[in-house]
2 protein chains.
Amino acid sequence: MGTRLALRIQERYDELTPSEQKLAQFLLDRPDEILASSATELARYSGVSKATAARLFRSLGYSDFNDVRLQAREERNRTGPVQQIPMPQVTTGKAMTLPMHLQVENANLTRTFEELRTDVLNNAAEQVANAGRVWVAGLGNENGIARILRILLARVRPGVHLISENAATWPEEFASTGPNDALIIIALRPWPRQIPTILAFAKTTRLKSIVITDPTSAGKAQRQEATVLNCHISTPWNEITQTTVLSMGQLLASAVANRLGRKANVRRELIADIAEEIEDGDT
Amino acid sequence: MGTRLALRIQERYDELTPSEQKLAQFLLDRPDEILASSATELARYSGVSKATAARLFRSLGYSDFNDVRLQAREERNRTGPVQQIPMPQVTTGKAMTLPMHLQVENANLTRTFEELRTDVLNNAAEQVANAGRVWVAGLGNENGIARILRILLARVRPGVHLISENAATWPEEFASTGPNDALIIIALRPWPRQIPTILAFAKTTRLKSIVITDPTSAGKAQRQEATVLNCHISTPWNEITQTTVLSMGQLLASAVANRLGRKANVRRELIADIAEEIEDGDT
DNA sequence: GGATCTATGAAACCTTTGTTTCAGAAATTG
DNA sequence: CAATTTCTGAAACAAAGGTTTCATAGATCC
């Protein structure tokens with residue numbers, strides 16, 4: 001899945017300087033760009049100097065940029081010319097068009113799910129399906145997605161809870177978790193500072209944790225022994241898109257339902273019935 | 001599918017000199033190699049001299065090799081002829097696979113945004129950009145999306161409010177709306193029964209309303225004189241996907257930002273700064 | 001608040017890439 | 001087979017790419 005360059009970046013991401021991170025970010029988001037562009041261009045795209053670029057590659061353990069490019073090319077040849085959907089380039093200041101929006105979403109979805117390994121997904125689904133209870137956490141901007149995911153999962157199995165956004169109440173909430181539970185964390189960049197705390201806690205309680213995140217943070221999550229569902233979320237202007245994350249959520253819920261089989265269906269029908277009753281009942 | 005380079009080569013292949021043909025052949029066989037390699041390398045791979053390479057590109061009508069590379073890159077970035085992505089059929093009971101998930105999301109996104117008219121989108125964006133205040137409503141399952149949309153919009157303009165899910169408090173909330181406000185409703189099938197009430201209210205108060213919905217309900221919304229943003233959300237198993245809806249939300253927010261121009265950017269930066277401060281500040 | 005350290009881009013400096021020139025090889029012609 | 005034309009790569013030259021140095025701005029530490 002990840003290129004060696006990506007792995008090295010994720011390993012050392014935190015130690016990189018801010019401008020190095022800007023460039024590293026770009027490289028993670030658009031891995032194919034390395035093949036097509038010169039180091040000067042990469043630097044320009046991500047708004048840093050050539051000098052910074054040179055420093056980054058060296059500090060990642062390559063002897064020079066040529067070394068990087070050779071490795072990237074070799075890897076491409078090994079994995080075969082995967083037909084990548086290109087992320088469109090944007091000239092700054094130009095308005096975003098509708099087709100471009102479509103292409104961006106498409107590129108992110110395609111990368112994400114072509115890269116996702118079935119066994120990783122199954123593993124995550126298994127954990128969620130077999131857990132005693134399931135806890136879903138999403139801080140800040142990701143809170144909306146977390147709520148949706150909770151609903152999606154609650155439709156196919158009981159005992160799915162949202163961890164409140166208010167850190168003050170965590171002790172109480174965590175107190176009710178057990179080693180048979182599963183924890184799903186949604187956290188995109190900028191990686192909220194509370195996440196490591198939560199992950200560390202999960203690790204000590206033997207909670208199974210699943211982290212839905214972006215390539216920048218994937219490394220950190222992996223280091224905490226969590227199952228990582230990696231989502232590509234970048235756009236050519238400097239915003240991110242949550243679409244892919246939601247899609248990942250739906251896929252996970254779907255996979256869990258599959259695993260639970262008949263049980264999930266029974267529950268879904270039950271819920272549908274109740275919903276209908278409410279809809280008819282209240283005037 | 002043919003690149004312009006390939007076309008030019010095929011046109012003139014017979015007139016090329018033997019060593020030029022060797023190189024041309026190579027380029028036809030491995031069209032992606034142009035992006036990854038330098039002219040020197042291309043020459044070496046196909047066993048001709050750099051001089052020959054330079055001559056070939058010139059004789060094909062390019063001013064120099066850089067010209068060739070730029071065109072190739074541009075072609076890679078441009079979306080090819082729009083192809084209809086088929087929605088996969090599924091035999092009931094069969095497990096959903098990962099590629100299928102991707103294809104479904106893809107199909108829905110593509111349909112949605114190819115069908116969406118630019119003027120409708122602009123119209124909606126205009127309304128949101130110029131409104132005194134913006135109200136976002138999403139009932140039941142759509143509540144999560146509504147929250148996300150509120151955040152997305154709040155990032156680019158002030159005065160974006162969420163209408164509570166609790167119908168009992170609506171009188172108070174609606175009381176504060178004025179005819180210069182905009183109302184965004186997210187409502188997928190099954191079309192919640194409260195929606196017509198809200199829409200009717202909006203109509204009498206001269207509130208501009210925008211409805212993000214699915215094809216099933218689009219008609220109903222249109223009849224209430226609302227701007228309709230239509231999202232394809234179906235899947236081969238009998239569930240729906242909210243991915244498209246979220247994507248529509250991002251697009252709308254993006255369009256609004258575009259319309260507000262500098263004002264939106266100022267606000268975004270302000271928010272980013274504050275967020276950073278909070279992240280740094282609280283321990 | 002000064003001293004020290006870190007991060008960063010500008011610019012100087014090599015290196016590689018790409019183009020052009022040119023002389024010789026190969027093919028063609030009479 | 002000589003004259004001519006065409007083709008070709010080596011080498012000279014020009015341009016862009018990549019690395020290193022250095023001054024400076026900002027952070028951190030007494």
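Every chain is numbered from 1, with letters handed out A, B, ... down the list of sequences.
With salt bridges taken as basic N to acidic carboxylate O contacts below 4.0 Å, none links A/R206 and A/D181.
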If you restrict it to nitrogen or oxygen atoms, what contacts under 3.5 Å exist between nucleotides 24-27 of chain D and the protein, and what is each distance?
none

Between the protein and nucleotides 9-12 of chain D, list every N/O to N/O distance that falls short of 3.5 Å.
{"unit_1": "D/dG9", "atom_1": "OP2", "unit_2": "B/S49", "atom_2": "N", "d": "3.4"}
{"unit_1": "D/dG9", "atom_1": "OP2", "unit_2": "B/S49", "atom_2": "OG", "d": "3.1"}
{"unit_1": "D/dG9", "atom_1": "OP2", "unit_2": "B/T52", "atom_2": "OG1", "d": "2.8"}
{"unit_1": "D/dG9", "atom_1": "N7", "unit_2": "B/R55", "atom_2": "NH2", "d": "3.3"}
{"unit_1": "D/dG9", "atom_1": "O6", "unit_2": "B/R55", "atom_2": "NH1", "d": "3.3"}

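For A/F65, the ring-ring contact (aromatic ring centres under 6.0 Å, His included) test picks out A/F57, with sequence neighbours left out. When the salt bridge (charged side-chain N to carboxylate O under 4.0 Å, His left out) test is applied to A/K220, the partners found at least two apart in sequence or on another chain are A/D14. When the side-chain hydrogen bond (donor to acceptor under 3.5 Å, both in side chains) test is applied to A/Q21, no partner is found at least two apart in sequence or on another chain. Annotation: side chain to side chain contact (heavy atoms under 4.5 Å, CB included) contacts of A/S19 (sequence neighbours excluded): A/T17, A/V48, A/T52. Annotation: ring-ring contact (aromatic ring centres under 6.0 Å, His included) contacts of B/Y13 (sequence neighbours excluded): none. Every residue two or more places apart in sequence or in another chain that forms a side chain to side chain contact (heavy atoms under 4.5 Å, CB included) with B/N122 is listed here: B/T118, B/R259. With sequence neighbours left out, A/A54 forms a side chain to side chain contact (heavy atoms under 4.5 Å, CB included) with no residue at all. Checked against side chain to side chain contact (heavy atoms under 4.5 Å, CB included), A/E142 has the following partners two or more places apart in sequence or in another chain: A/I186, A/L188, A/Q242.
When rounded to the nearest whole Å, the span between CZ of A/R44 and C1' of D/dG17 equals 11 Å. Distance CZ (B/R69) to C1' (D/dA16): 10 Å, rounded to an integer number of Å. One interatomic measurement links the two molecules: CD1 of A/I34 to P of D/dG17, which rounds to 16 Å at whole-angstrom precision.
At the phosphate of D/dA16, neither OP1 nor OP2 sits under 4.0 Å from any side-chain N or O atom of A/S38.
Donor-acceptor pairing under 3.5 Å is lacking for the side chains of A/H232 and A/T241.
Protein chain A contacts DNA chain C from C/dA7 to C/dA10, reading 5' to 3' and using non-hydrogen atoms of the protein with a distance under 4.0 Å.
Across all strands, B/N66 comes closer than 4.0 Å to no nucleic acid atom at all (heavy-atom distances).
A salt bridge (Lys or Arg N to Asp or Glu O under 4.0 Å) check over residues 35-53 of chain B, counting only residues at least two apart or in different chains, returns the pairs A/R73-B/E41.
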